[in-house]
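Every heavy atom of this structure was used, including side-chain atoms; hydrogens, water molecules and symmetry mates were not.
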Amino acid sequence: SQSRKRKRDESSIHFSATISGLSSSSPLNGQTVEIITFDSTKQRYQVRLEDGNIISLKPCNLILKPKTVVQICGLQSSPQYNQEWGEVVDQDIITGRYCTQSTW
């Protein structure tokens with residue numbers, strides 16, 4: 001059987017996160033930012049702060065919000081899902097891993 005792709009409501013796509021765990025710039029912790037892009041060579045997100053400035057952050061310094069669209073990567077136990085797209089449903093705070101749902 002052929003699987004059908006759901007049509008996405010573009011207004012439901014969110015590219016935002018919360019800054020967490022910064023020590024040198026701790027006043028930024030808790031700030032909601034807009035994710036602009038991910039630089040895979042530097043392994044950093046480019047994000048826009050509330051004041052409009054753009055900075056680069058490591059993935060470990062961002063908490064992705066539910067409904068954020070992500071590309072799955074780095075899975076070793078289920079590598080068939082790597083490169084698939086989904087959206088964040090929840091986060092396991094202890095492991096730092098996200099629960100995602102396939103959306104495409």
Side-chain angles (χ1 to χ4, degrees):
S1 79
Q2 217 177 20
S3 69
R4 288 187 181 206
K5 304 286 183 182
R6 290 186 295 162
K7 184 174 180 180
R8 293 197 42 83
D9 173 4
E10 295 301 319
S11 66
S12 71
I13 299 175
H14 298 275
F15 296 102
S16 62
T18 303
I19 298 176
S20 175
L22 293 178
S23 53
S24 62
S25 299
S26 60
L28 295 178
N29 289 329
Q31 188 174 139
T32 298
V33 296
E34 175 189 0
I35 297 171
I36 300 169
T37 190
F38 182 73
D39 184 335
S40 59
T41 58
K42 294 180 180 180
Q43 294 293 299
R44 301 281 191 281
Y45 282 101
Q46 292 277 314
V47 300
R48 180 174 290 115
L49 300 173
E50 292 170 352
D51 65 7
N53 286 324
I54 296 173
I55 62 172
S56 295
L57 292 173
K58 295 177 185 177
C60 65
N61 292 122
L62 290 173
I63 299 171
L64 301 177
K65 295 186 177 286
K67 296 192 178 184
T68 299
V69 175
V70 295
Q71 186 174 29
I72 298 167
C73 63
L75 292 179
Q76 295 176 3
S77 61
S78 299
Q80 70 272 21
Y81 296 113
N82 289 331
Q83 308 310 310
E84 294 286 325
W85 290 91
E87 69 180 32
V88 172
V89 176
D90 200 5
Q91 181 187 25
D92 183 330
I93 300 298
I94 296 170
T95 65
R97 293 181 179 213
Y98 291 96
C99 176
T100 62
Q101 180 177 7
S102 178
T103 58
W104 305 102

Which distance, rounded to the nearest 0.5 Å, do you find between the [atom1] of [X] and the [atom2] of [Y]?
{"X": "Gln71", "Y": "Ser40", "atom1": "CD", "atom2": "OG", "value": "10.0 Å"}
{"X": "Asp90", "Y": "Leu64", "atom1": "CG", "atom2": "CG", "value": "12.0 Å"}
{"X": "Ile54", "Y": "Ile36", "atom1": "CD1", "atom2": "CD1", "value": "3.5 Å"}

### Message
Quick test of your reading: applying side-chain hydrogen bond (donor to acceptor under 3.5 Å, both in side chains), list the pairs with at least one residue in residues 47-64, sequence neighbours left out, ordered by first then second residue.
### Response
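As it turns out, the side-chain hydrogen bond (donor to acceptor under 3.5 Å, both in side chains) pairs with a partner in residues 47-64, which skip direct neighbours, are Glu34-Arg48, Gln46-Ser56, Asp51-Asn53.
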### Task
Could you list the residues that satisfy salt bridge (Lys or Arg N to Asp or Glu O under 4.0 Å) with Arg44, not counting sequence neighbours?
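With sequence neighbours excluded, Arg44 shows a salt bridge (Lys or Arg N to Asp or Glu O under 4.0 Å) to no residue whatsoever.
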### Task
Check whether any side-chain heavy atom of Leu28 lies under 4.5 Å from a side-chain heavy atom of Ile55, and answer yes or no.
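Result yes, sub-4.5 Å side-chain heavy-atom pair found.
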### Message
Once side-chain hydrogen bond (donor to acceptor under 3.5 Å, both in side chains) is applied, do any residues pair with Thr41, and if so which ones, sequence neighbours excluded?
### Response
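With neighbours one apart ignored, the set is Asp39.
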### Query
Quick one: do Phe15 and Leu49 end up in the same hydrophobic cluster if we chain Ile, Leu, Val, Met, Phe, Trp and Tyr together by side-chain heavy atoms under 4.5 Å apart?
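In one cluster with Phe15: Leu49, yes.
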### Task
Determine whether Ile72 and Tyr98 fall in the same hydrophobic cluster, where Ile, Leu, Val, Met, Phe, Trp and Tyr are linked whenever their side-chain heavy atoms lie under 4.5 Å apart.
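No; Tyr98 is not reachable from Ile72 via cluster members.
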#### Entry: Residue of the set Thr100, Ile63, Val88 for which side chain to side chain contact (heavy atoms under 4.5 Å, CB included) holds with Thr68
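Considering Thr100, Ile63, Val88, a side chain to side chain contact (heavy atoms under 4.5 Å, CB included) with Thr68 is found only for Val88.
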### Pairwise salt bridge (charged side-chain N to carboxylate O under 4.0 Å, His left out) hits with a residue in residues 23-32, at least two apart
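Those involving residues 23-32 do not exist here.
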Name the atoms and distances for all side-chain donor-acceptor pairs under 3.5 Å in residues 17-26, with sequence neighbours left out.
from: Thr18; atom 1: OG1; to: Lys65; atom 2: NZ; distance (Å): 3.2

### Message
Looking at Leu75, is its backbone amide N or carbonyl O close enough to the side chain of Asn82 to form a donor-acceptor pair, meaning the two atoms are under 3.5 Å apart?
### Response
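Flag set: sc Asn82 to bb Leu75 pair under 3.5 Å.
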### Query
For Phe38, what residues pass the ring pair (Phe, Tyr, Trp, His ring centres under 6.0 Å) criterion, not counting sequence neighbours?
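Residues passing ring pair (Phe, Tyr, Trp, His ring centres under 6.0 Å) with Phe38: Tyr45.
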